[in-house]
Colleague: 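Mind having a look at this structure? Questions to follow.
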Amino acid sequence: MITVTDLYKKFNGTPVLKGISATFEKGETSMIIGTSGSGKTVFLKCLLGLHLPEEGTISFDGRIHSNLSIKQHRQLRQEIGMVFQGGALYDSLTVEENVMFPLKMFTNNTYTEMLKRVNFVLNRVNLYDANKKFPAQLSGGMQKRVAIARAIVMNPKYLFCDEPNSGLDPVTATVIDNLIKEITSEYQITTVINSHDMNSVMEIGEKIIFLQNGVKAWEGSNKEIFKTENEAIVNFVYSSNLFKKVREAYLNEIK
Ligand SMILES: Nc1ncnc2c1ncn2[C@@H]1O[C@H](COP(=O)(O)OP(=O)(O)OP(=O)(O)O)[C@@H](O)[C@H]1O
């Protein structure tokens, strides 16, 4: 579980995160949503330790980030998997080498042991016969699968994803969303996803945190989002006519 308490972050005196508190549970897919500039990326970077907040604490299963020694930080970093927006694969490395990269960096495992683990995670994301291919030879959806395989190769306790299905068609995006949700539940990972994609939010958002101007303006599940009367989130999520109709149909159904 990740517990964030009263987090404040400023840049050049301008507050960007203004007292955010939230908990992210093990085995659950949590999503951060909000308009452009609301602070989602800064929040995720604070969780990753890439930004240092001025106030507040971030605790990873009781380990408070700002109190950790360098050695403890290194240990925690190994427990975090990250899926970057564009996949961030190394173009000059094969799929197998990309996925093996964290194992080479952080473990003393033999090549045979590493290859076994690489093949296991590649199979888990349903990628077969892709080991020797280079990223440029793969479709966008396959590249995202490689990025997910690399993020879970170290068996992480925490998984952070920044717009994991950006640039994908709706069908592939749903497959990737569900893969992340399955893996989160199967390996009991604490997963936090930044997303703009309302389909994803409705599909896999077990917990949704809505940021507005650096403040947590709403929190709930993908079921509760249909019923909320909170004006800010209704205006944000239901700015699309399609979602407006879906919400009306849902509310009529439960009347
Ligand atoms: N390194 C930085 N230095 C100064 N200001 C920053 C820095 N990083 C982010 N900001 C500012 O913080 C605010 C929040 O940015 P952030 O990138 O978190 O928004 P976001 O919600 O992720 O937006 P988007 O959905 O467009 O990616 C913005 O006003 C941005 O200009």
Side-chain angles (χ1 to χ4, degrees), residues 2-24 29-58 60 65-66 73 77 80-89 140 143-144 147-148 151 158-170 173-174 176-177 180 190-222 225 228 230-240 242-243:
I2 302 173
T3 310
V4 178
T5 313
D6 223 10
L7 201 69
Y8 283 83
K9 177 69 196 162
K10 285 182 193 165
F11 288 108
N12 306 321
T14 308
V16 169
L17 301 180
K18 305 167 192 168
I20 295 180
S21 296
T23 56
F24 302 107
T29 310
S30 299
M31 304 193 89
I32 314 292
I33 61 170
T35 47
S36 198
S38 57
K40 302 181 297 292
T41 306
V42 172
F43 182 73
L44 203 64
K45 285 187 174 173
C46 286
L47 293 187
L48 269 168
L50 297 176
H51 285 322
L52 293 180
E54 282 80 29
E55 285 179 50
T57 56
I58 302 169
F60 290 80
H65 208 279
S66 51
H73 260 290
R77 187 61 197 87
I80 297 175
M82 179 77 208
V83 178
F84 296 94
Q85 197 166 350
L89 300 176
Q143 290 183 18
K144 289 287 160 73
I148 294 169
Y158 317 99
L159 179 64
F160 300 144
C161 311
D162 192 15
E163 300 277 350
N165 52 23
S166 66
L168 300 179
D169 66 80
T174 305
I176 294 294
D177 282 341
I180 294 173
T190 304
T191 296
V192 183
I193 303 175
N194 262 5
S195 186
H196 273 121
D197 184 344
M198 282 310 127
N199 279 317
S200 298
V201 172
M202 298 305 190
E203 185 90 14
I204 61 163
E206 291 171 284
K207 174 179 275 189
I208 300 157
I209 306 268
F210 175 57
L211 295 188
Q212 195 183 32
N213 211 358
V215 173
K216 186 173 84 174
W218 186 82
E219 178 181 332
S221 69
N222 52 0
I225 212 164
T228 180
N230 180 302
E231 202 178 327
I233 193 143
V234 168
N235 288 339
F236 178 71
V237 177
Y238 302 103
S239 56
S240 123
L242 174 63
F243 280 120

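In each ligand, atom 1 is the first atom listed, and ligand 1 is the first ligand listed.
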Colleague: Around atom 22 (O) of ligand 1, find the nearest protein heavy atom and jot down its residue, atom name and distance.
Modeller: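 Ranked first by proximity to atom 22 (O) of ligand 1 is T41 OG1, 2.5 Å.
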
Colleague: Nearest protein heavy-atom contact for atom 15 (O) of ligand 1: which residue, which atom, what distance?
Modeller: V42 CG2, 4.0 Å

Colleague: Might you check, step by step, whether the distance between atom 1 (N) of ligand 1 and some protein heavy atom is under 4.0 Å?
Modeller: yes

Colleague: Considering the heavy atoms of T35, write down every atom of ligand 1 situated less than 4.0 Å from one of them.
Modeller: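 Once the distances to T35 are compared, the set is 21 (O).
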
Colleague: Strictly under 4.0 Å, does any heavy atom of G37 approach an atom of ligand 1?
Modeller: yes

Colleague: What protein heavy atom is closest to atom 25 (O) of ligand 1, reported as residue, atom name and distance in Å?
Modeller: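 For atom 25 (O) of ligand 1, the nearest protein heavy atom comes out as K40 NZ, 2.8 Å.
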
Colleague: Locate the shortest heavy-atom distance separating A22 from F24; write the atom from each residue and the value.
Modeller: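 Heavy atoms only, the tightest pair is CB-CZ, 3.9 Å.
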
Colleague: Restricting to non-hydrogen atoms, name the atom on T23 and the atom on K207 that form the minimum distance, rounded to 0.1 Å.
Modeller: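 Looks like O-NZ, 2.6 Å.
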
Colleague: Near K18 NZ, under 6.0 Å, is it more than 12 heavy atoms from other residues, nucleotides or ligands?
Modeller: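 Correct, the count exceeds 12.
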
Colleague: Crowded around E231 CD? As in, over 12 foreign heavy atoms under 6.0 Å?
Modeller: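 Check fails, neighbour count at 12 or below.
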
Colleague: Taking only heavy atoms of S38 into account, list the atoms of ligand 1 that are under 4.0 Å away from them.
Modeller: 19 (O), 21 (O)

Colleague: Can you tell which of N213, N194, N12, V16 gets a heavy atom nearest to atom 13 (C) of ligand 1?
Modeller: V16

Colleague: Can you sort out which atoms of ligand 1 are near H196, meaning under 4.0 Å from one of its heavy atoms?
Modeller: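 So the atoms of ligand 1 that pass are 25 (O).
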
Colleague: Give me the atom names and distance for the closest heavy-atom approach of T29 to E206.
Modeller: N-OE1, 2.7 Å

Colleague: Please report the interatomic distance NZ(K144) to CG(L89), rounded to the nearest 0.5 Å.
Modeller: 9.5 Å

Colleague: Can you tell me the protein heavy atom closest to atom 6 (C) of ligand 1 and the distance?
Modeller: F11 CD1, 3.4 Å

Colleague: Going by heavy atoms in the side chains, are V237 and V201 under 4.5 Å from each other?
Modeller: no

Colleague: Please report which non-hydrogen protein atom sits nearest to atom 24 (P) of ligand 1, along with the residue it belongs to and the distance in Å to one decimal place.
Modeller: S36 OG, 3.6 Å

Colleague: If only atom types and distance count, is the side chain of N230 paired as donor or acceptor with the main-chain N or O of I233 below 3.5 Å?
Modeller: yes

